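Sequence lines set the chain letters: A, B, ... in the order given, protein chains first and strands last, and positions in each chain run from 1. All of these numbers come straight from a predicted model, not from anything done at the bench.
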Amino acid sequence: MRVLRQIQARLFTRPFPISTLSFALSKIVAFCALSSLGDIDYARRVFSRIPNPGIFSWNSMIRGCSLVENHSRESVYFFKRLVRRGYPCPNTFTLAFVLKACSIISACEEGLQVHTRVFRSGFGSSPFVQTALVNFYAKCEEIGLARIAFDEIPEKNLVAWSTMISGYAKVGLVNEALGLFREMQKAGVEPDEVTLVSVISACAGAGALDIGRWVHAYMEKQMIDIDLELSTALVNMYAKCGCIERAKKVFCEMPVKDAKAWSTMIVGLAIHGLSESALETFSRMEEAKVKPNHVTLLGVLSACAHGGLVSEGRKHWSSMLESRIEPSMEHYSCMVDLLCRAHLVDEACNLVEDMAIPPNPVILRTLLVGCKKNKMLDRGEIIAEQLLELEPLNAENYVLLSSLYASVSQWEKMSHIRKKMKDKGIKAVPGCSFIEVDGFVHEFAMGDQFHPETEELTEILREISEQVRDFGHKPFISDVLHKAAC
DNA sequence: CTAGGGTTAG
C-alpha cells in the first residue's frame, strides 16, 4: 500500500495524458478495492479523482464494497450513482456484482429494480447474471421467485443448480433441496464440493442420515475435495442426525479448524447432553488460539444449561461480556434457561430486567416454565401477562399459563384460561416429530393413529418406557393428571 | 474484474 500511495502521488504531480492517468488510477482502484491487502476507503478516494471513470472502475468499486463486511450498502449506492449519471453503461459484471450486494443486505427493493434493468439491458442471457438473480431472490427469502428465475435458465450449469439447492436448504425447504439434487443428477450434472455442502446441510435439517451417509460415501468415492466448509457441514449433519461419534471422527480428522468448525462440534456435543465434552472442546479451541464467536458461546452456554453447570455457565457468561461479544437475545435465552433449570428463577428474572433490549416471547416462556416448576404463581402471572400482550394468539402461552395454575391447584383460574382460549378460537397445536428411514420420512403427531404401523410402534414405545422405568426414571406426569382431574 | 458453500439457544 505504501508503494501504491507513492505511485499515486506521482501520477498527479506529473503531466500524464488523461487517458494514461485514468488507466493507472483504475488499476489502483481495482487493487485497493479487491485485494485483501487493499483498503476500500483509499480506493474510494482514488476513484473520486479519476476524471472519467470507465465501467471497469465502477465495477471494482461496486464489487469491492460488497466484499468488505458492512459495506455492501455502499455498493448499491455506487450502482445508483452510476445509473443516475447515465454512463458508462452497466455490463454483465456490474449487474452480477450489484445483485450480490443486494443479496448480502437483503435489499429486495433495489434488487427488483436491478432485475427490471436486466430485462431491458438484454443481459438476461448471461449465466452469471441469471445465477446472481436466483441467489438474490433466495437470500431475500423469495424462494418462489428464485425458482421462477431458476426455471427460466435454459442451460443450467453446476453453479445454477447449486445456487437453487442452497437457496432451498437455507430457508429450511430441505426436502425440496434434496429433490432438486436428485433432479440435477438426472440431468447429468455432476456435483462438486460446493453443491454437496448445501446437500449435506439439507440432510442435517431433515435428519436424513441415510442420504447424508450416502453422499459422504459418494464424495469419498468421487475424490471430491472435503475442505473446511464441507467437513463442517458433515460434522453438523452427523451431530444433528444423532451420530455424535461419527461427528467427532470427522472433526478430529480435520487438518484446519476455524471458529465455525469448533462451534459446530461444541453445539453438537451440547445437544447430545455431553456437557463436559463440549467444555473440554471449548478449552481446546482456546488453546488452539481460535477466537470464539457468538455461536461458540451459544454452544458453551447451552452445554452448561443442559449439564446443570451453573458456576461454569456464570464464568463463561462474564468472560463473554469481557470479550467483545455482545450478548444477543439467544445468549440471554440460554442463560435464562440455565438459571431456571437450576431453580434460580429470581436471578433469571433479574437478568432479564437488566437487558438492554426487551425480552422476546421465547425468554418469557422460559421464565414462565421456571415459575411453573417452582410454583411461583405471582411472578408467573406477571410474566404471562407480558407474554399474552406480545403474542395474544399463540396457543402455547395459554397452555403454559394454565399449567402454571395447575401446578398450584388453582383450578378455577385454570378453567378460566381454557375458556378464554376457546372463546378466542385458539387451539393447541399437537406436538409432532418425524424420522427418515430408508429415504422415506415418517411423520407423527401427538395422539394420531395415521401411521400404518401405529399398533406395533405403540407396543415398542411401551417396552422402552418400561425399560427406562426399570432404570429408575420417574416420568413427570402431574400436569397430565391435573388436566384429567378437571 | 463476473455466479454457488459450513456453525445459532428453547
Side-chain angles (χ1 to χ4, degrees), chain A residues 26-27 29-31 33-35 55-64 67 91-100 103 123 126-136 138-139 150 153 157-167 169-170 191-201 204 226-237 239-240 254 257-268 270-271 292-306 328-338 340-341 360-370 396:
Chain A
S26 73
K27 291 293 177 194
V29 165
F31 175 80
L34 303 175
S35 162
I55 194 64
F56 180 86
S57 297
W58 282 98
N59 288 350
S60 299
M61 288 313 296
I62 292 169
R63 173 141 189 254
L67 290 176
N91 58 20
T92 57
F93 295 85
T94 326
L95 296 169
F97 296 153
V98 73
L99 282 169
K100 170 80 177 180
S103 69
F123 287 131
S126 153
F128 299 99
V129 175
Q130 290 166 340
T131 312
L133 275 170
V134 175
N135 184 47
F136 158 71
K139 292 284 151 67
F150 175 74
I153 304 176
N157 63 17
L158 175 59
V159 182
W161 284 102
S162 302
T163 307
M164 195 62 227
I165 292 170
S166 141
K170 282 240 174 71
D192 68 358
E193 69 274 12
V194 180
T195 325
L196 295 180
V197 166
S198 300
V199 174
I200 290 294
S201 170
I226 305 184
D227 58 15
L228 179 63
E229 287 86 351
L230 193 44
S231 305
T232 308
L234 281 170
V235 172
N236 183 46
M237 184 274 290
K240 293 282 156 66
M254 288 172 71
K257 305 177 177 84
D258 66 356
K260 282 186 188 174
W262 285 101
S263 308
T264 305
M265 191 68 250
I266 293 168
V267 170
I271 60 175
N293 62 23
H294 60 288
V295 182
T296 322
L297 269 119
L298 222 44
V300 169
L301 292 174
S302 86
C304 294
H306 290 160
S328 68
M329 198 68 85
E330 286 87 354
H331 293 112
Y332 275 109
S333 197
C334 265
M335 203 56 201
V336 167
D337 181 42
L338 183 144
C340 283
R341 281 175 196 244
N360 67 6
V362 179
I363 292 183
L364 295 176
R365 267 193 292 276
T366 311
L367 285 176
L368 189 49
V369 172
E396 214 183 318

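Between B:dT7 and A:Lys240, no contact under 4.0 Å exists linking OP1 or OP2 to a side-chain N or O. At the phosphate of B:dT7, OP1 or OP2 sits under 4.0 Å from a side-chain N or O atom of A:Asn236. Look at A:Lys260 and you won't find any side-chain N or O under 4.0 angstrom from OP1 or OP2 of B:dG5.
Across all strands, A:Gln130 comes closer than 4.0 Å to no nucleic acid atom at all (heavy-atom distances). Residue contacts shown for A:Ala160 are absent, as no nucleic acid heavy atom lies under 4.0 Å away. As judged by a 4.0 angstrom heavy-atom cut-off over every strand, A:Leu196 is placed among residues making no nucleic acid contact. Within the 4.0 angstrom heavy-atom criterion, base atoms lie near A:Thr232.
Each of A:Leu228, A:Ile226, A:Thr232 was scored for a side chain to side chain contact (heavy atoms under 4.5 Å, CB included) with A:Leu230, with one residue passing: A:Ile226.
For the side chain to side chain donor-acceptor pair (under 3.5 Å) test, no residue two or more places apart in sequence or in another chain qualifies with A:His306. For A:Val369, the side-chain contact (heavy atoms from CB on, under 4.5 Å) criterion is met by A:Lys373, A:Leu400, not counting sequence neighbours.
In this structure, A:Phe97 forms no aromatic stack with the base of B:dC1, since the conditions of centre separation below 5.5 Å and plane angle below 30° are not both met.
Between the side chain of A:Asp227 and the base of B:dG6, no donor-acceptor pair of N or O atoms lies under 3.5 Å. If you check distances only, the side chain of A:Ser333 never reaches the base of B:dG10 with a donor-acceptor pair under 3.5 Å.
Checking B:dG5, B:dA3, B:dT8 against the side-chain heavy atoms of A:Leu298 singles out B:dT8 as nearest.
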